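Some notes on the structure that comes next.
In this text the structure is predicted, and so the values were computed from the model without any measurement.
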Amino acid sequence: LIAYMRLDLDEAEGRAQAVILRDPNDVDALNMIGLVQTSRGDLERAEATFRKVLELTSLDSSGASAAHTNLGTVYVLRGDYESAKPMYDR
């Protein structure tokens, strides 16, 4: 998280990928990878990553909450405000 906050996307992605190698279903690492993808403008892959998090989590978990918010951001960046709104309402 600190690397991402410093905008060191390569380090943030590398650390998250290292976690994924140990646990491919780590929702915190997947959320971080999605954030990096979003920051790099790779919105298609970011959407897929956040959707994977939602498949792996229960709806009331913090991982799902973050993924919904992050997915909403992807939609906003695409200009799809109609799809974004329900993501923020969860």
Considering non-hydrogen atoms only, spot the tightest contact between Gly72 and Ala84 and give its length. O-CB, 3.5 Å
Is the number of heavy atoms from other residues, nucleotides or ligands under 6.0 Å of Glu11 CD greater than 12? yes
For Glu47 and Tyr75, does a side-chain donor sit closer than 3.5 Å to a side-chain acceptor? yes
Closest heavy-atom contact between Asn31 and Ala67? OD1-CA, 3.6 Å
Quick one: closest heavy-atom pair of Leu54 and Ala64, and the distance? CD2-O, 3.7 Å
Quick one, Thr69 and Phe50 - any side-chain contact, counting heavy atoms below 4.5 Å? no
Pairing residues for Asn25 by the side chain to side chain contact (heavy atoms under 4.5 Å, CB included) criterion, not counting sequence neighbours: Asp23, Lys52, Leu56
Would you sort out whether Leu35 and Leu9 count as a side-chain contact (heavy atoms from CB on, under 4.5 Å), showing the intermediate values? CA-CA 9 Å; Leu35 286 171; Leu9 300 180; over 6 Å; no
Lys/Arg N to Asp/Glu carboxylate O, Glu55 vs Arg51, below 4.0 Å: no
How long is the span from the CE atom in Met32 to the CD atom in Gln17, to the nearest 0.5 Å? 12.0 Å
Answer yes or no: is there an ion pair linking Lys85 with Asp80, defined by an N-O contact shorter than 4.0 Å? no
Following the transitive rule for hydrophobic clusters with a side-chain heavy-atom cut-off under 4.5 Å over Ile, Leu, Val, Met, Phe, Trp and Tyr, establish whether Val19 and Leu30 coincide in one cluster. no
Spell out, yes or no, whether Leu43 and Met87 are grouped together once hydrophobic residues are joined by side-chain heavy atoms under 4.5 Å, including indirect joins. yes
Show the numbers, then the answer: is there a side-chain contact (heavy atoms from CB on, under 4.5 Å) between Arg40 and Glu13? CA-CA 11 Å; Arg40 290 183 172 152; Glu13 183 179 38; 2.7 Å; yes
Is it true that Ile33 and Val53 fall in one hydrophobic cluster, defined by side-chain heavy atoms closer than 4.5 Å? yes
Minimum heavy-atom separation for Gly34 to Ala46, with atom names? O-CB, 3.6 Å
Looking at every heavy atom in both Val36 and Ala12, which two are closest together, and how far apart are they? CG2-CB, 4.1 Å
Given Thr38 and Asn70, is the side-chain contact (heavy atoms from CB on, under 4.5 Å) satisfied, shown in steps? CA-CA 9 Å; Thr38 301; Asn70 295 334; 6.0 Å; no
